[in-house]
Amino acid sequence: MSKHKVSYFFNPDVGNFHYGTGHPMKPHRLSVIHSLIMNYGLHKKMQIYRPYKASAHDMCRFHSDEYIDFLQKVTPQNIQAYTKHLSHYNVGDDCPVFYGLFDFCSMYTGASLEGAMKLNNNDCDIAINWSGGLHHAKKFEASGFCYVNDIVIAILELLKHHPRVLYIDIDVHHGDGVQEAFYLTDRVMTVSFHKYGNYFFPGTGDMYEIGAESGRYYSVNVPLKEGIDDASYWQVFKPVISAVMEFYQPTAIVLQCGADSLAMDRLGCFSLSTKGHGECVKFVKSLNVPTLVVGGGGYTLRNVARCWTYETSLLVDEQISNELPFTEYLEFFAPDFTLHPEVVTRQENANSKHYLEAITKFTFDNLKMCQHSPSVQMHDVPGPALTEDEKMKEEDDPDVRISQDLEDKMVEAKNEFYDGDKDNDKEDVKT
Amino acid sequence: MEQVVAPQKDGKDTESPMKDKLFDPSIDMLVNDFDDERTLEEEEALAAGEFQDPDAELSSLQKESNMPLEELLALYGYRGENQENESPEEEKEEEEPQQHSPEMSEPIEEQESEPSPPEEPSKLSALYEPMPETDQDESRLLRSVSRVSEEEEEDYDYSPDEEDWRKVNKTIMVGSDYQAQIPEGLCHYDDALPYENEDKLLWDPSVMLCSEVEDFLKKASAITKPPIPTGTQLRDDEQALYLLQQCGHNVEEALRRLRMTVPANPSETMNESLWSEEECRNFESGVRCYGKNFHKIQQDKVRTRSVGELVQFYYLWKKSERHDIFANKARLEKKKYALHPGLTDFMDRFLEDQDSRDRSSSPNVPCGGNGKPPPDT
């Protein structure tokens with residue numbers, strides 16, 4: 001029996017921040033999740049890291065120096081002195097200046113960055129950082145409760161080692177920050193499933209946003225309507241990701257598991273159950289590609305905690321009971337005290353079968369262009385793509401674990417291959 | 001830097017997907033469908049807005065009575081989920097020109113002229129440039145927020161301002177100010193990770209058999225006697241596991257050291273040491289004064305704890321009996337202030353009127369003076 005080696009990155013202080021009265025983003029959800037993970041006995045199944053805290057220098061791998069400098073200096077006390085900067089960097093309302101802001105950013109960013117490094121180093125197959133996933137942050141500004149884009153920084157780290165990184169985003173909001181950061185490159189494919197339309201935040205994520213220049217066809221957007229349920233979501237998620245795997249053949253994956261796509265989320269409008277949400281995670285895991293799993297949105301605290309706890313259990317292949325263990329936070333889960341409460345839907349599913357089929361087809365057609373697009377030499381390079389082992393793996397039943405032997409070979413093969421092809425890849429980047 | 005509208009197939013403009021006839025009918029239809037949906041929501045939101053304006057509701061009902069049958073059917077039969085309905089968009093705009101649809105994007109200070117929503121966005125929103133926020137959207141938003149469960153009730157005052165600047169962020173931007181710089185080529189780490197000395201491996205599951213670990217944890221919990229009953233599940237003890245690893249996975253040695261360390265920090269495993277009654281009372285008084293400004297509470301009330309500890313305590317406290325008593329008391333006070341219309345933030349008022357810095361007037365909670373931390377059940 002072979003298991004994925006799972007590493008878990010958690011800073012015990014990351015949950016002890018507060019965005020301010022009435023703000024829906026509650027970092028303390030991370031403490032609740034950690035408590036559940038401990039009490040379910042999942043901790044001992046994983047490599048546990050107390051992660052490194054990212055420095056301003058790390059953050060500047062993506063963000064501008066001035067912006068990070070501002071984040072480092074601004075506090076609720078001196079905010080008056082920064083009035084001009086606030087609007088310039090879009091800090092204030094959605095993204096308030098709260099006590100310990102920069103510390104918070106360096107904790108969640110450090111954890112994602114370190115996860116990427118462990119993956120690069122083959123120290124693990126799956127790295128989990130529930131505190132990360134702040135996908136809206138832009139190079140020069142904060143956005144949608146996100147200040148530093150830990151995902152972009154982690155992907156930049158993965159790109160040191162991986163020719164092609166796939167980013168999958170199942171947050172209810174479009175992963176605009178990550179998409180924008182990699183809009184012009186074919187070395188990162190971003191795939192986002194989200195609510196789109198009616199000016200739902202952030203307003204981007206139309207299916208016609210497909211990337212530009214070398215990155216044309218390497219941004220994939222699956223706009224969905226409100227009320228989507230497990231079955232409908234699966235109807236698009238599985239075929240789209242399968243096609244992406246086929247056409248893009250990533251060597252590493254970053255999965256953003258925003259839990260605001262769950263039913264009853266305070267800001268979201270989808271109707272997924274924790275199980276339906278978890279199916280996506282399970283599926284990505286079954287692809288057997290080194291994966292960094294990060295959190296993201298999720299504004300109904302108890303459901304976020306349920307969801308990411310359950311997904312942790314899926315990632316370590318451990319069955320956990322529906323009855324929640326006793327924790328200091330048990331009261332949050334009243335009245336049912338279960339892991340998978342019944343889903344109460346607020347909305348009708350506005351996604352017709354026809355709509356979902358059409359959007360899937362549109363995505364397929366664009367993915368096919370990846371191959372034919374002249375700007376993409378990536379695939380001319382005869383493949384880092386499919387090694388013999390990977391082929392075998394793909395034909396395997398995804399539910400059956402591959403042998404440790406095979407897995408080891410996979411990992412090695414990948415490295416050996418790129419050793420030789422390094423120069424080719426360099427060319428790709430320049431074009 | 002160029003501002004680029006997301007490129008579409010054949011360079012069409014994103015803003016007019018409906019006019020894009022180059023796509024096959026299914027996509028086209030899907031986009032139209034899409035637009036329908038938006039209209040519907042606006043109408044729903046409008047309906048919610050009318051709730052505050054009986055005249056508008058009346059007029060819309062009247063309008064409906066004059067509506068051709070097909071339209072009515074389309075409204076009620078075609079979409080089951082649609083409740084209170086409105087006439088199609090064009091008519092709506094004629095009727096209520098001030099409530100223009102979001103597609104019209106010139107900024108207007110109309111928010112002021114319209115009935116202001118019951119909950120004000122925070123004052124920081126003044127920093128933003130005026131946005132073409134329509135009232136429909138706002139009311140829709142508030143309505144959806146009002147549907148949240150009691151647990152989030154405390155956050156009633158939040159109306160996401162995300163929508164304020166959605167226009168600004170509607171396009172993906174292209175240029176060096178926006179994209180990340182992609183590292184060229186691939187490289188390998190040397191033997192050491194760049195930051196290796198700064199992270200800390202606390203546990204590695206691959207060294208010992210799971211059953212051995214569980215056995216160890218059972219013995220460890222017998223020693224540490226965690227304050228929370230373990231129930232049927234065996235709780236992972238982070239500290240104990242770390243200790244085990246530090247002892248080279250020697251169970252006996254780890255248990256021996258554990259016994260030695262236990263009296264020193266009995267509640268460390270909970271990651272929270274016990275709060276004294278005084279700290280609890282000061283905390284509550286702080287919440288009264290400053291709401292959830294934990295930094296201020298820390299500065300003025302509970303200097304013995306870090307801001308982080310206060311945040312943690314808050315979440316445990318808010319589900320405790322102690323909090324219920326606190327909240328009941330607060331509710332009583334709130335009634336008193338019902339005579340002061342226009343004041344929305346109850347906590348602030350509470351503060352202003354009552355000299356809450358006066359310790360004697362604060363906690364007043366008949367909590368029996370127990371020095372226990374909030375009950376965890």
Side-chain angles (χ1 to χ4, degrees), chain A residues 12-13 16 18 21-22 24 28 38-39 41 43-45 47-52 62 86-87 92-94 99 114 117 121 139-140 152 156 159-161 180-181 183-185 187 197-199 201-204 206 208-209 212 225 266 325-326 328 331 348 350 355 358 362 418 422 425-426 429, chain B residues 6-8 14 26-27 30 34 37-38 41 81 102 122 124-125 127 148 152 155 157-158 161-162 166 169-170 172 174 177-180 182-187 189 193 195 198-205 213 228-229 231 233-236 291-292 294-295 307-308 311-312 315-316 319 376:
Chain A
D13 294 323
N16 295 335
H18 198 273
T21 305
H28 202 70
M38 301 291 294
N39 283 283
H43 168 291
K44 58 176 169 289
K45 313 284 180 187
Q47 281 188 333
I48 307 290
Y49 285 97
R50 187 69 71 244
Y52 156 81
F62 171 52
L86 292 178
S87 50
D93 237 345
D94 269 351
Y99 181 81
E114 203 186 309
M117 288 191 281
N121 218 36
K139 195 169 190 170
F140 270 86
V152 171
L156 287 174
L159 286 174
K160 286 184 181 172
H161 209 70
E180 186 172 277
Y183 207 61
L184 305 183
T185 180
R187 290 197 56 199
N198 202 23
Y199 300 102
F201 186 85
T204 48
D206 195 349
Y208 303 113
E209 288 169 21
K225 301 177 188 183
R266 200 176 148 200
F326 205 101
E328 57 269 50
E331 260 319 297
E348 291 289 310
Y355 174 79
F362 182 87
Y418 297 129
K422 220 166 154 180
D425 282 318
K426 263 183 190 158
V429 176
Chain B
Q8 291 179 18
T14 336
S26 72
I27 297 288
L30 160 166
F34 197 74
E37 203 54 42
R38 176 189 301 169
E41 286 224 356
E81 76 259 62
S122 100
L124 276 173
S125 66
L127 293 169
V148 301
E152 281 82 27
D155 293 326
D157 53 344
Y158 184 80
D161 295 293
E162 295 176 341
R166 60 201 176 192
N169 281 14
K170 254 193 91 178
I172 293 287
V174 171
D177 280 357
Y178 303 98
Q179 271 71 49
I182 312 292
E184 284 195 18
L186 303 174
C187 64
Y189 292 144
L193 282 173
Y195 304 104
E198 298 186 61
D199 67 48
K200 204 157 120 187
L201 179 65
L202 299 187
W203 178 245
D204 185 348
V213 178
I228 294 180
Q233 311 253 6
L234 181 64
R235 182 190 152 87
D236 282 344
K292 280 183 263 176
F294 296 108
H295 180 57
V307 178
V311 174
Q312 186 177 33
Y315 282 97
L316 295 172
K319 291 291 173 183
D376 295 312

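So you know, we letter chains A, B, ... as the sequences are listed, proteins then strands, and number each from 1. Only a predicted model underlies this, so the values are computations on that prediction, with no experimental measurement involved.
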Closest non-hydrogen contact found for A:Phe62 with B:Tyr178 is CE1-O, 3.9 Å
Taken to the nearest 0.5 Å, the spacing of B:Ile182 CD1 from A:Leu156 CG works out to 6.0 Å
Closest non-hydrogen contact found for B:Pro183 with A:Lys160 is CG-N, 4.3 Å
Applying side-chain hydrogen bond (donor to acceptor under 3.5 Å, both in side chains) to A:Asp13 and not counting sequence neighbours gives none
Interatomic distance, CG@B:Leu186 vs NE2@A:His161, rounded to 0.5 Å, equals 8.5 Å
Interatomic distance, CD@A:Glu328 vs NZ@B:Lys319, rounded to 0.5 Å, equals 14.5 Å
Residues at least two apart in sequence or cross-chain that pass ring-ring contact (aromatic ring centres under 6.0 Å, His included) with A:His28, listed by chain then number, are A:Tyr329, B:Tyr315
Looking only at A:Lys44, A:Lys45, A:Gln47, the option with the highest number of non-hydrogen pairs under 4.5 Å against chain B is A:Lys44
Value for CD1 (B:Ile172) from CD (A:Glu209), rounded to nearest 0.5 Å, stands at 5.0 Å
Test your reading of the model: is there a side-chain donor-acceptor pair from B:Gln179 to the backbone of A:Glu180, 3.5 Å cut-off? yes
Taking every heavy atom of A:Phe140 against every heavy atom of B:Asp177, the minimum-distance pair comes out as CD1-O, 3.3 Å
Rounded to the nearest 0.5 Å, the CG atom of A:Asn16 sits from the CZ atom of B:Phe294 at a distance of 10.5 Å
